[in-house]
Every structure is written in C-alpha cells, then in structure tokens.
Amino acid sequence: MGLPHASRRSSMPSATAPPLPVLQVRSPEPQAEQLRGALAADPPLEPTEALLAELKQQSEQLESASPQEILQYAVERFAPRFTMATAFGPEGMTLIHMLAEIAPQTPIFNLDTGYQFAETLELRERVKQRYGIEVELKRPETTVEEYEALHGGPVYKTDPNRCCFDRKLRVLHESARGMHAWASAIRRDQSEDRGRAAIVGWDAKFQLVKISPLANWTKKQVWKLITDHDIPYNPLHDKGYPSVGCWPCTRAVQLGEDERAGRWSGFEKKECGLHTA
Ligand code: SF4
C-alpha cells in the first residue's frame with residue numbers, strides 16, 4: 001500500500017511492498033446481541049412500537065428537509081441525549097460546521113483507534129480553533145502496542161473485522177452510554193448499504209436512534225459547502241485520499257476508482273461495521 005504523503009503515528013508497511021491478495025475477513029460482523037451488554041446498566045430508549053412509528057413518520061417528513069433542519073429536529077427531540085461521532089471526513093466536517101451554528105453544546109466524539117493519521121488528529125485541533133468545539137477522543141482500553149502484543153501482531157493484517165470491532169464498535173457502544181440518539185454523516189450514494197439509511201431510524205446495533213442529515217446529499221453538495229464556508233478539512237483529501245480511516249487500512253485511490261476503494265484495499269471488507277445493519 002503506497003501512502004507517500006501521509007503521516008502515520010506508528011510503524012507501517014513499506015511503500016514498495018507488493019499489493020496484498022484479496023483476503024476473506026475472518027470474523028463475521030458482530031451481531032447486535034454481542035454489543036447489547038455494554039448498555040445493560042444504563043437502559044437506552046426502548047424501541048417500542050410507538051417509538052418506531054414516530055421515527056418512521058418523522059423520517060418520511062424529513063426526506064425533503066435540509067441537513068440543518070434535520071439537525072434542528074434532532075436537537076429539539078433528543079438533546080441533551082443527542083451526540084455525534086466523527087472521523088473528521090468531509091461530511092462530518094459539514095455537520096460539525098452546522099452544529100456549531102445550531103447547537104454547539106452537542107457532545108461530539110471521535111473513535112481514536114490509535115491508528116489514525118496525524119493529519120486527522122491535527123484536524124481536531126483546527127476544529128477547536130475555528131469553532132471552539134472540543135471533539136472528545138474515545139479510546140479502546142488497550143494501546144496499539146498492548147493490543148498487538150496481546151494478539152501476536154497487528155490484527156488489521158489478518159482479521160480487520162475483529163480489529164474494527166475491538167477498536168471502534170466496542171468504543172462507540174461505550175461512548176454512547178446514556179445517549180438516546182446519534183448523528184452519522186453517511187450519504188446514501190456512498191454504497192448499497194448506506195443507500196438504505198433512513199433520515200431518522202432505529203439503530204438496532206447500538207440501541208440508539210440514528211439520524212443521518214446528509215443522507216440525501218451528494219459529494220458535490222458537501223464540497224460546495226466546505227468551499228463556500230472555508231470549512232477546515234483533512235489535507236489528505238487533496239493528496240488522493242477521498243475517504244480517510246486508519247492508516248493501515250487506507251490508501252490513495254486512482255483516477256476513476258470509487259471514493260471508498262482505498263479503504264481495506266486487499267480485503268473484501270468495505271465498512272468498519274458502524275453503519276451496517
Ligand atoms: Fe483496525 Fe483497520 Fe479497523 Fe482501524 S480500520 S480499527 S486499523 S481494521
């Protein structure tokens with residue numbers, strides 16, 4: 001995987017290494033039952049028939065609403081139990097920009113796996129300077145060094161589903177303790193799975209209401225807002241990385257490749273599991 005421009009926080013494969021063969025991911029996507037335990041001591045919203053009907057109706061009503069109107073609804077309906085997770089992608093940055101105007105007190109967090117690019121973490125500082133919003137870094141229980149020592153080496157090389165589960169999904173589950181709703185920055189046109197996202201829906205995996213204000217937006221609309229308002233963004237996007245995740249699982253894409261082609265390149269995996277049903 002060639003990553004000529006990016007800064008990484010720990011050791012990485014040689015830029016001249018031959019491409020990895022396409023591998024099967026070893027662990028299946030974790031099931032909702034595996035995740036539910038973390039919230040047992042703090043029961044979240046119950047997905048009663050009445051709640052599900054409310055969410056469905058609200059989602060339909062908001063289909064033609066602007067992202068700002070959707071965020072406004074989310075804040076009015078769920079704050080202070082409304083939160084947002086961000087990886088500081090262009091879509092996440094647009095939501096942070098909107099929230100800074102609508103409800104800057106909204107708690108926003110980042111799943112800091114220990115494998116993020118230095119550029120991503122620097123963007124967190126720029127968010128603080130620009131908006132006065134301190135995005136909280138939520139970390140797994142183990143450092144990268146401890147985790148790799150426990151597993152006899154980097155888990156992302158052999159079992160990325162396990163690695164994402166341990167270093168992202170578990171952490172999100174813990175971070176959402178006490179919350180009732182979370183905002184995600186997914187767009188429906190990013191993938192088939194994301195294409196099924198509701199504007200407002202029940203997220204059975206995390207037992208939260210999931211709100212996707214940008215579901216109907218295109219990449220072009222996102223970048224227009226960024227340009228029009230000089231919203232800070234990850235400099236890696238200017239260096240061939242349309243989608244930025246952890247450095248071991250992100251490569252630059254070639255002209256004509258899908259915007260997520262650089263994620264888990266060499267594996268069948270296309271999502272970390274946060275946004276799959
Ligand atoms: Fe691990 Fe890669 Fe998932 Fe990051 S994206 S948590 S390094 S498998």
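Note that ligands are numbered from 1 as they come in the structure, with each ligand's atoms numbered from 1 the same way.
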Below 3.5 Å, can you tabulate the donor-acceptor pairs from side chains in residues 89-104 to any protein atom, sequence neighbours excluded?
unit_1: E91; atom_1: OE2; unit_2: R187; atom_2: NH1; d: 2.4
unit_1: T94; atom_1: OG1; unit_2: E91; atom_2: O; d: 2.6
unit_1: H97; atom_1: ND1; unit_2: Y131; atom_2: OH; d: 2.8

>> Under a 4.0 angstrom heavy-atom cut-off, which atoms of ligand 1 come close to P160?
In response: 8 (S)
>> Restricting to N/O/S atoms, is C246 within less than 2.8 Å of atom 2 (Fe) of ligand 1 or not?
In response: no
>> Using a 4.0 Å cutoff against the non-hydrogen atoms of C249, which atoms of ligand 1 qualify?
In response: 2 (Fe), 5 (S), 7 (S), 8 (S)
>> Which residues pass the ring pair (Phe, Tyr, Trp, His ring centres under 6.0 Å) test with Y147, not counting sequence neighbours?
In response: H151
> Does a salt bridge link R188 with E63, judged by any charged N lying under 4.0 Å from a carboxylate O?
Replying inline: yes
> Regarding R167 and T142, is there a side-chain donor-to-acceptor distance under 3.5 Å anywhere?
Replying inline: yes
>> With a cut-off of 2.8 Å, does C164 put an N/O/S atom close enough to atom 3 (Fe) of ligand 1?
In response: yes
